[in-house]
> 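Before I ask anything, let me first share the structure, which is written out below as structure tokens.
Letters go in sequence order (proteins before strands), and every chain restarts at 1.
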Amino acid sequence: MEAIYAFCVGILTTCGFFLVLRGRTFTVVMGLTLLSYAVNLFLFASGRLKLDGAAVLGQSIEYSDPLPQALVLTAIVIGFAMTAFVVILAMRSRADQGNDHVDGHIPVQSTKSRISEKRHS
Amino acid sequence: MNLLWVVLLPLIGTLVPLFTERFGRNICTFSVAILPAWSLILVLMFAGDVFDGQDIRQSIDWIPAMGLDLSFRLDGLSLLFLLLILGIGLLVILYARYYLSAKDSMGRFYAYLILFMSAMVGIVISNNLIQLWLFWELTSISSFLLISFWSHKSEARKGARMALTVTGAGGLALLAGLLLIGNIVDSYDLDTVLANGDLIRSHATYPIALILVLLGAFTKSAQFPFHFWLPHAMSAPTPVSAYLHSATMVKAGIFLMARFYPVLAGTDLWFMIVSLTGLTTLLLGAYVALFKHDLKGLLAYSTISHLGLITLLLGLNSELAAVAAVFHIINHATFKASLFMAAGIIDHESGSRDMRKLNGLWKYMPYTATLAIVAALSMAGVPLLNGFLSKEMFFSETLNQSMLGSLSWMIPLLATVGAAFSVAYSLRFIHDVFFNGVPIDLPKTPKEPPRYMKVPVEILVTLCLLVGIFPAYVVGDLLDVASFAVLTHEVPIHSLAIWHGFNIPLFMSFLAMVGGATIYYNRRHLFEFQSHFDETDAKHIFEGIIQSIVKASQQIITTLENGSLQRYIFLLLLFTLVMGALPLLDLTQNTGSRPQIPVDGVTITGAVLLILSTIATVIWYRQRFIALIFLSVVGLIVSLTFAQFSAPDLALTQLSVEIATIILLLLALFFLPQNAHKESSNRRLSGDLLVSGLIGCVIGTICFAMLTTPLSTISDFFIANSKTGGGGTNVVNVILVDFRGFDTLGEITVLGIAALGVYKLIAKMRIYMPTRDDKGRAWSNDPHPMMLEMVSQSLLPLALLVSVYIFLRGHNVPGGGFIAGLITSVAIIQQYIAHGVLWMKPRVNIDYQWLIAGGILIATATGLGSWIFDKPFLSTWFDYFGLPWIGKFELASAMLFDLGVYLTVVGAVMLILANLGKLTTSERIHIKEND
């Protein structure tokens, strides 16, 4: 089970970073969302995996580690606030700059490559 | 009475001129002189003890943990330098009063000058290496300010920058050298260092430490090949040159070599580097000085030459040579300071420093001329003047060495050649300026300067004469204690007399005189010979080097920093990958001993779903709507994962946040392009994929290693005390509102700030509202579907009831303020979706900012409330009560805190989503542009 869990965290990280490396704001936001899943799962994993051990006194024999859970809980909520901030920033950037590229302007290279792509097709 | 005051008084004095400047020049000058004079008196009061052979030491704890003390010592060498620094400093203060014009800011000048003086005083009385270095750097900085005093002149700025660059770089080398020395003897205490000479000289790092320290000394004392900054520093006002470039700044390097003479000198390496550098500098300076048409240029190269002489003497590894070096420090300071001042007077009264124009000034200023001639003769080494005595000692020491083996005879020969040039340029200074025809095109008619401007020169010239005629009486004792401090043992017998009989040094002097006169007489041929060489201006070379360094740095910056955020992140990730992966290579096994949970079918299904939808998000990332749907699937499975692994609170939170996030992104997507073109080249895509894939592998590996490692946690405390101390059985919630309540307070504050930031961003947004989608289809204008309206309306009370329930039970079973807040928000958002903003506005007229503020205030007030009961911030209280019908229930202050959390969460989520939603309608929030 641990291996599968770790593999999922790895996949989320990979895909998250790949999307963060893209040039358009919305994609980056999606990448950040994936990354925050990965980070939360990773942090949660520091309390190790345990089945049927919710940290509610009297409901299980052995309890899972409640500390990472408490930390991740606030992290999830703040993560939402940060995603919201970034996505609104992205919208604002588009409103003010007229494009949705992370640099605030379309880089020369990518315009070129798009032109060459059109020529090829 | 404390040694600290010797440096502290001038340091305080730095501020004096800034206050007294407004009271006129005389009062300003007088007030400036008080504190250094006081300091000088203190030094003189200490002097008695020093002459009795008692060094004075004092120290105050500075950073004891690092072995750093504010530590001072006053021995013979320090005493000598203090007298020079403070004595000549006072004369320069007086001189500058007349030199500076009404346009110059006197207060600023004096402030810099006194700052420099304090730094020099600090260097010579420091008894701690690091402290010494700090003052050393302070001299570099303050001399920069002084040289660039006339900052409107380009050459002043350039000269100052050059001096700062060279001496500053040397200062860094010195720091490294001092650290090495401190490392060898395991102390930065100068006494300890000086007592461990043998240890240092025999240490493996001695050569490196020596070279580094000498780099510091050579750059400061303008030794070849670092001499070039000194002539350019002549663009400073002449009082500065008279002070810095005769007696103090350039002598700091000499002081350093003398100070470390007991520990660094005595080896062949020392001899090779120091004496040869000194000899080269001596010859080069003397030769070039002759050809300088600028008075101060001549003096600058002459200074370089004399510094070379002192360096050479220190490098000879002979005790008598060291005594001669100390003696020449005194003599050079006196005659060179007076010559600089005389040059300043000539410049001041005639308007030029060009010796081609300055001729026959004897007629106009005979008195000044006499003073200058005496000083220049001392520089030439004419008998009955102090320069002669130390030059004789120098000659005899060059004869007594045999360090170059069979080539040793060259040193006295070259010394005589250098002395001959010295005579020649001194003659030029005298003859060219005061005689040799009539002035040519001078801007002003020369005249004698104001009476008191001559006083400092008179005093210094008198000293030259006194030392020259009665050496033993005037400086004998001082020379002895200073030499004792350099040698750290009994000073060898030497005689300070004018007449030693007919001997070889006298003959060498005679040769130098005749040679110098001959050279000067035949100067036309020499000048013509010299004119065949292109004059390489060090300034251009220096500027060229600086320019190319700047260019190279710019190139590196533009390559690394090309303005593309994608590239920065890529590089950052690459770096993280290397740093993260390297330690993993050493890890032989990544599976720990913790027993693993067996795999079951449900989990496998979940995992496959998660992986597939994650990958799908990436594959269709340009069809953003599809990607978003897959993203929401990922989020749902993440919340299921939390549920699976015993974290019900997390599962609930993730689930409700997921809904809010997806709604948020959907709203945003309405305003952003729904589809994107392919932009990145395949090469870039595969590069990005490679790096992020490798990072994923690293993170996954670490995660797996962590998961399989047995857990040691501090949570047992929380589990044990949750019920008894926090009054709740849901440990996660008790941690949030009780054990780590302060963290949570911080977190909801961040949440509130983020929401307000979003509000502000939305308020000024001028975004285009699309009426059609990417494919040109118009957005539907349908009113809100009736089914949804009805269902959501009837669901609302239910949803609110659930959130109240979740909130209330949170302390004991999964739930709590965060989750209840999110559920409430989602319930309200549902109404927005079903009915639209216009419908909601009159019905839910809540100002969400107030909700956030209220929430944080409640939480804070709960924390503060515990102060009333004399408990620390955020202490909780709880108790159990009974009521008929309801039964036994618990009341806890933590619930009030949780209410604050609840309100903040609702406020934040709603502030973000409702306002974003309003962008699509005429209900957009508007804040005035100048808000």
> Using non-hydrogen atoms only, which part of A/Phe42 is less than 4.5 Å away from chain B: side chain, backbone, both, or neither?
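Contact with chain B: backbone and side chain both.
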> Tell me, for B/Ile912 versus chain A, whether the close heavy atoms (under 4.5 Å) come from the side chain, the backbone, both or neither.
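For B/Ile912, the contact with chain A is made by the side chain alone.
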> Under the side-chain contact (heavy atoms from CB on, under 4.5 Å) test against A/Ile88, which residue among B/Leu919, B/Asn915, B/Val758 passes?
B/Val758
> When you compare the side chain of B/Ile695 with that of A/Thr14, does any pair of heavy atoms fall below 4.5 Å?
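In short, these two side chains do not touch, never coming nearer than 4.5 Å.
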> Name the region of B/Thr603, side chain, backbone, both or neither, that has any atom closer than 4.5 Å to a heavy atom of chain A.
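Answer is side chain: those atoms of B/Thr603 sit under 4.5 Å from chain A.
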> Would you say that A/Arg24 contacts B/Arg624 through its side chain, given a criterion of any heavy-atom pair below 4.5 Å between the two side chains?
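With C-beta onward as the side chain, the pair touches.
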> Grab the two heavy atoms, one from B/Ser564 and one from A/Asp103, that are nearest each other, plus how far apart they are.
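For B/Ser564 and A/Asp103, the tightest heavy-atom pair comes out as CA-OD2, 3.5 Å.
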> Looking at B/Ser646 and A/Ser64, would you say the former's side chain and the latter's main chain have a donor-acceptor pair under 3.5 Å?
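No.
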> Which one wins on heavy-atom pair count under 4.5 Å against chain B: A/Leu89, A/Thr27, A/Ile76, A/Val20?
A/Ile76
> Grab the two heavy atoms, one from A/Met30 and one from B/Tyr621, that are nearest each other, plus how far apart they are.
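In terms of heavy atoms, the two residues are closest at CE-O, 4.0 Å.
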> Please state whether the side chain, the backbone, both or neither of B/Leu628 comes within less than 4.5 Å of a heavy atom of chain A.
both
> Give, for atom CG of B/Leu707 and atom CG of A/Leu49, the distance between the pair rounded to the nearest 0.5 Å.
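One gets 4.5 Å once the value is rounded to the nearest 0.5 Å.
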> Is B/Phe570 in contact with chain A via its backbone, its side chain, both, or neither, using a 4.5 Å heavy-atom distance?
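Both backbone and side chain of B/Phe570 come within 4.5 Å of chain A.
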> Within this structure, what is the OG1-CG distance for the pair A/Thr83 and B/Leu665, rounded to the nearest 0.5 Å?
7.5 Å
> Is A/Val29 in contact with chain B via its backbone, its side chain, both, or neither, using a 4.5 Å heavy-atom distance?
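Answer is side chain: those atoms of A/Val29 sit under 4.5 Å from chain B.
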> Do A/Tyr5 and B/Gln644 meet the criterion of a side-chain donor-acceptor pair at a distance under 3.5 Å?
no
> Please rank A/Val9, A/Val72, A/Asp65, A/Leu71 by heavy-atom pairs under 4.5 Å with chain B and give me the top one.
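The option with the most such pairs is A/Asp65.
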> Starting at CD of B/Glu747, measure out to CD1 of A/Ile78 and round the result to the nearest 0.5 Å.
4.5 Å
> B/Ala908 versus chain A, heavy atoms under 4.5 Å apart: side chain, backbone, both or neither?
neither
> If you count heavy-atom pairs under 4.5 Å with chain A, which of B/Pro814, B/Cys703, B/Ala668 comes out on top?
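Among B/Pro814, B/Cys703, B/Ala668, the one with the most close pairs to chain A is B/Cys703.
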> Hey, are the side chains of B/Phe645 and A/Asp52 touching, using non-hydrogen atoms and a 4.5 Å cut-off?
no
> If you compare all heavy atoms of A/Met1 against all heavy atoms of B/Pro598, which two are closest, and at what distance to 0.1 Å?
CE-O, 3.5 Å
> Look at A/Thr13, A/Val87, A/Leu73 and state which one has the largest set of heavy-atom pairs under 4.5 Å with chain B.
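The residue among A/Thr13, A/Val87, A/Leu73 with the greatest pair count is A/Leu73.
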> Name the option with the most non-hydrogen atom pairs under 4.5 Å to chain A; the candidates are B/Ala647, B/Cys697, B/Pro710, B/Ser656.
B/Ala647
> Flag the pair B/Ile611 / A/Leu12 as yes when at least one side-chain heavy-atom distance between them is below 4.5 Å, and no otherwise.
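No, side chains not in contact.
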> Check whether B/Leu761 gets within reach of chain A through its side chain, its backbone, both or neither, counting any heavy atom under 4.5 Å.
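The answer is both parts of B/Leu761.
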> Which heavy atom of A/Pro66 sits nearest a heavy atom of B/Val731, and at what distance?
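The answer is CG-CG1, 3.5 Å.
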> Heavy-atom pairs under 4.5 Å with chain A - which of B/Asn730, B/Leu631, B/Val909, B/Val901 has more of them than the others?
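Most heavy-atom pairs within the cutoff with chain A belong to B/Leu631.
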> Who wins among A/Gly58, A/Pro68, A/Gly53, A/Ala81 for the most heavy-atom pairs under 4.5 Å with chain B?
A/Gly53
> To the nearest 0.5 Å, tell me how far B/Met765 CE sits from A/Asp96 CG.
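CG of A/Asp96 is found 8.5 Å from CE of B/Met765.
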> Could you tell me whether the side chain of A/Gln69 and the main chain of B/Val732 form a donor-acceptor pair under 3.5 Å?
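Pair absent, no side-chain N/O of A/Gln69 close to backbone of B/Val732.
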> Could you tell me whether A/Arg22 and B/Asp688 have a side-chain N and a carboxylate O separated by less than 4.0 Å?
yes
> Any idea which of B/Ala754, B/Gly757, B/Ala676, B/Pro673 has the most non-hydrogen atom pairs under 4.5 angstrom with chain A?
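Of B/Ala754, B/Gly757, B/Ala676, B/Pro673, B/Pro673 has the most heavy-atom pairs under 4.5 Å with chain A.
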> Write down the atom of B/Gln566, the atom of A/Leu21, and the distance for their closest heavy-atom approach.
NE2-O, 3.1 Å
> If you count heavy-atom pairs within less than 4.5 Å of chain A, which of B/Val638, B/Val813, B/Val698 leads?
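Heavy-atom pairs under 4.5 Å are most numerous for B/Val638.
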> So which part of A/Ile11 gets closer than 4.5 Å to some heavy atom of chain B, the side chain, the backbone, both or neither?
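It is both, since atoms from each part get that close.
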> What do you reckon, is CZ of A/Phe7 surrounded by more than 12 foreign heavy atoms closer than 6.0 Å?
no
> Measuring heavy-atom distances to chain A, does B/Asn812 have an atom under 4.5 Å in its side chain, in its backbone, in both, or in neither?
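Backbone only.
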> Counting only non-hydrogen atoms closer than 4.5 Å, does B/Leu822 touch chain A with its backbone (N, CA, C, O), its side chain (CB onward), both, or neither?
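Looking at B/Leu822, just its side chain touches chain A.
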> Would you give the length of the straight line joining atom CG of B/Leu751 to atom OG1 of A/Thr74, rounded to the nearest 0.5 angstrom?
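It comes to 10.5 Å.
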> With rounding to the nearest 0.5 Å, note down the distance linking CG in A/Leu41 to CD1 in B/Ile699.
12.5 Å
> Tell me, side chain or backbone of A/Phe85 under 4.5 Å from chain B's heavy atoms, or both, or neither?
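Contact with chain B is through both the backbone and side chain of A/Phe85.
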> If we ignore hydrogens and angles and just use 3.5 Å, is the side chain of B/Arg594 paired with the main-chain N or O of A/Arg48 as donor and acceptor?
no
> Could you check whether any side-chain N or O of A/Glu2 sits under 3.5 Å from a backbone N or O of B/Ile597, counting only pairs where one atom can act as donor and the other as acceptor?
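Yes.
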> For B/Ala627, is it the side chain, the backbone, both, or neither that has a heavy atom closer than 4.5 Å to a heavy atom of chain A?
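It is both, since atoms from each part get that close.
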> By a 4.5 Å heavy-atom criterion (distance strictly below it), what part of B/Phe704 contacts chain A: side chain, backbone, both, or neither?
both
> Show the numbers, then the answer: is there a side-chain contact (heavy atoms from CB on, under 4.5 Å) between B/Phe670 and A/Met91?
CA-CA 10 Å; B/Phe670 175 68; A/Met91 286 172 56; over 6 Å; no
> Pick one of side chain, backbone, both or neither for A/Ile4, based on which atoms fall under 4.5 Å of a heavy atom in chain B.
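Looking at A/Ile4, just its side chain touches chain B.
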> Quick check on A/Arg94 against chain B: is it the side chain, the backbone, both or neither that has a heavy atom closer than 4.5 Å?
side chain
> Can you say whether A/Asp100 sits under 4.5 Å from chain B via the side chain, the backbone, both, or neither, judging by heavy atoms?
side chain
> How far apart are the closest heavy atoms of B/Ile735 and A/Ala70, and which atoms are they?
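Scanning both residues, the minimum pair turns out to be CG2-CB, 3.6 Å.
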> Just so I understand: if I count every heavy-atom pair under 4.5 Å between each of B/Ile604, B/Ile714, B/Leu669 and chain A, which residue has the most?
B/Leu669
> Could you tell me which portion of B/Val734 (side chain, backbone, both or neither) has an atom closer than 4.5 angstrom to a non-hydrogen atom of chain A?
neither
> Measure distances from B/Ile637 to the heavy atoms of chain A and classify the residue's part below 4.5 Å as side chain, backbone, both or neither.
neither
> Determine whether more than 12 heavy atoms belonging to other residues, nucleotides or ligands lie under 6.0 Å from atom OH of B/Tyr568.
yes
